[in-house]
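Report on the structure given below.
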There are 2 protein chains.
Amino acid sequence: MKTVKIILCGCGGVGKEFLQLLADRGEELVAKYDLQLIVMGAADLKGAALTNSDEGLPVAELVTYLKDGNEVQNFPTFGKEGLTGAEIIAQGNADVIVEATPTDLKDGGVAKTHVFGAIEQSMDIVSANKGPFVLFYEELFKRAKAKGVGLHISAATAAALPTLDVGLICLAGTRVLSAEGILNGTTNYILTQMYVNGTAYDVALKEAQKLGIAETDPSYDVEGKDSANKTLLIANRVFGQTLSLSDVSVQGITEVTPEDIEEARKSDKIIKLISEVKVEGDSFKLSVSPKALDKTHPLASVNGSEKAISYDTDTMGGITVMGGKSSPVGAAAAMLKDLINAFVSK
Amino acid sequence: MKTVKIILCGCGGVGKEFLQLLADRGEELVAKYDLQLIVMGAADLKGAALTNSDEGLPVAELVTYLKDGNEVQNFPTFGKEGLTGAEIIAQGNADVIVEATPTDLKDGGVAKTHVFGAIEQSMDIVSANKGPFVLFYEELFKRAKAKGVGLHISAATAAALPTLDVGLICLAGTRVLSAEGILNGTTNYILTQMYVNGTAYDVALKEAQKLGIAETDPSYDVEGKDSANKTLLIANRVFGQTLSLSDVSVQGITEVTPEDIEEARKSDKIIKLISEVKVEGDSFKLSVSPKALDKTHPLASVNGSEKAISYDTDTMGGITVMGGKSSPVGAAAAMLKDLINAFVSK
């Protein structure tokens, strides 16, 4: 049996669901994959829980404790106030960190320290946090390569929708010519409502906010930033690039009018916010913008808050994958998936 | 660099395209995956080409020779009349066989001998041939497991459409609750024509035959047999079963009338030939049958000769993947993909 020691950084919604998955299906993972996942430490804002025991932390008890509204540093026996994720990582007593702190796109936040610290310790990285990968990809990639460290960021690139797995594994050996995606559920929901009900952007946005699909400050989604981040990560991972955000041309959906949608409808088209990676000779063109798609386009039928990505290849033709739960559970499941695929031998 | 020695069984359309891929992108595979794929032997009906050299056969010359209409046993220097795939496999001088002989669903044909012989030699198996896996899965699986041999049958289960990769890799760690697929392009083409043009089944079939989409004897496709075979393989691989064809309830599209299609259309539905794997308690229900899908069903927009599969899971929700070239190149590319994923370390 393979045993993998984990340090969890971040005990918010995604971190808790990750612990819940480990608590619920530990035996299943052993039976199915011969894999034992052990949490050595779990850190949050004010402290951490830590053990040196080969049995790891009691995850079932820990997740119940956290879901009851308690904080990790107060977890009996194992909790320590003020202990940081960076300090735990520096002890080097784990195989992988699971980074689930909130994404910080200004300077990467604590996740930057976690991720660079993990590479220093030759620990693999599984991350739902986009920050360090969007901001410092080239540096991270180089250091990780030098140390033989795997970067597993499914959860940061549309979570349960397997954008990277499909591009890297299902299409291995093909030449991937382009990628087009609907990578943001909020904007797709708004555009779908505008198309179906003929509502104006403002109205559809307010409805999405009421339903909890859009944030109170929706700018990250509606201005195309979230899509741009995911586009960048997909370009770097699937197309083997080391590009940065300034390489992505970005236009959101705030200027899309009911008239635009009607005009598109007249020629049997539908407007979607499309992320695109195009190979043009030796260079790569990355963009996010509203586009009128033919009704027969594989992304045209991706509606509501669903996401999808289409790859075009030379030898396999086009492959489109859609769906995947957008939720803390979906993100946690994507991290678990990455762990299994990274550590279970074929 | 990892070097993998291959024995190719079958030099027909798929086998030739596989050799072509190796000839065309050998350097690319080294650069991208640090992987060198070497063909030690290539067998067909009347003989084989064989080498003991660590450089393998000259694949670029071989594929040109074969595409010029020559037979492999006459390939200068390396060809040997009467030498069989089974004999080459028995020499044990390879890591993997690539099985690309025509599928034989009566008794497995030569592929049965190849596949069981390869397991005996502890060689991995990459196969585009469904025969042995449909007919003898339980026995094959047990022997392969005992010998630590990997069975890689993407090319046999919808080829470039990554039915197995998505189920096994993209959904690792989830509980897969069900699978629904449109796994046969010919029948989907016929049903799409019936829906779009209101034509009768016979008319649509004849048109598909004219276009080369349906075979002269269409029974394998239209009676649902091809779909049933793929359904069985997906159930066994993704759901970890050892079921056989008698466990699949099969109904083809020959009885579907324009009236059925119109009736479905009235309630905003569309009829598709659906392969289904359902978990019911501890047992599995496998079926192939025409079903009227709601227009919002993820498979409802899969038209023409396209194929697709939808998985439903507990933690990631539903994931649908569609597309993939249906051609000898697509099947060859699926075999190359399996080779890369089987032998490149993570």
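Hydrogens, waters and symmetry mates are skipped; everything else that's a heavy atom, side chains included, is used. Numbered from 1 within each chain, the chains take letters A, B, ... in sequence-line order.
Residue-level contacts of residues 154-164 of chain A with chain B, in order of numbering, are A/Ala160, A/Leu161, A/Pro162; threshold 4.5 Å between heavy atoms.
Residue contact with chain A, scored on non-hydrogen atoms closer than 4.5 Å, involves the backbone and the side chain of B/Thr320 alike. For a residue to count as touching a neighbouring chain, one of its non-hydrogen atoms must lie under 4.5 Å from one of that chain's; by this rule A/Thr315 touches chain B with backbone and side chain alike. Interface remark: B/Asn303 contributes no atoms to any contact with chain A (heavy atom separation under 4.5 Å). Using a 4.5 Å cut-off between heavy atoms, B/Glu306 makes no contact with chain A at all. Of the atoms belonging to B/Lys295, not a single heavy atom falls under 4.5 Å from chain A. Only the side chain of B/Tyr33 comes within less than 4.5 Å of a heavy atom of chain A; its backbone N, CA, C and O stay farther away.
Ranked by heavy-atom pairs shorter than 4.5 Å toward chain A, the options B/Cys170, B/Ser301, B/Gly330 are led by B/Cys170. Interface check for chain A: of the options B/Gly323, B/Gly317, B/Ala333, B/Gly173, the most heavy-atom pairs under 4.5 Å are formed by B/Gly173. In terms of non-hydrogen atom pairs under 4.5 Å with chain A, the most contact-rich of B/Glu28, B/Glu17, B/Arg175, B/Lys32 is B/Arg175. Between chain A and the options B/Val329, B/Ile319, B/Asp165, heavy-atom pairs under 4.5 Å are most frequent for B/Ile319.
For the atom pair CG (B/Leu171) and CD1 (A/Ile340), the distance works out to 10.5 Å, reported to the nearest 0.5 Å.
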May I have the step-by-step check of salt bridge (charged side-chain N to carboxylate O under 4.0 Å, His left out) for A/Arg25 and B/Asp314, ending in yes or no?
CA-CA 12 Å; A/Arg25 53 190 70 182; B/Asp314 61 342; 2.5 Å; yes

Under the side chain to side chain contact (heavy atoms under 4.5 Å, CB included) criterion, do A/Leu336 and B/Met316 qualify, and how do the steps go?
CA-CA 11 Å; A/Leu336 177 58; B/Met316 290 193 182; over 6 Å; no

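B/Lys67 NZ: more than 12 foreign heavy atoms inside a 6.0 Å radius. Atom NZ of B/Lys278 is surrounded by 12 or fewer heavy atoms from other residues, nucleotides or ligands within 6.0 Å.
Across B/Ile169 and A/Asn341, no two heavy atoms sit closer than the pair O-ND2, 2.9 Å.
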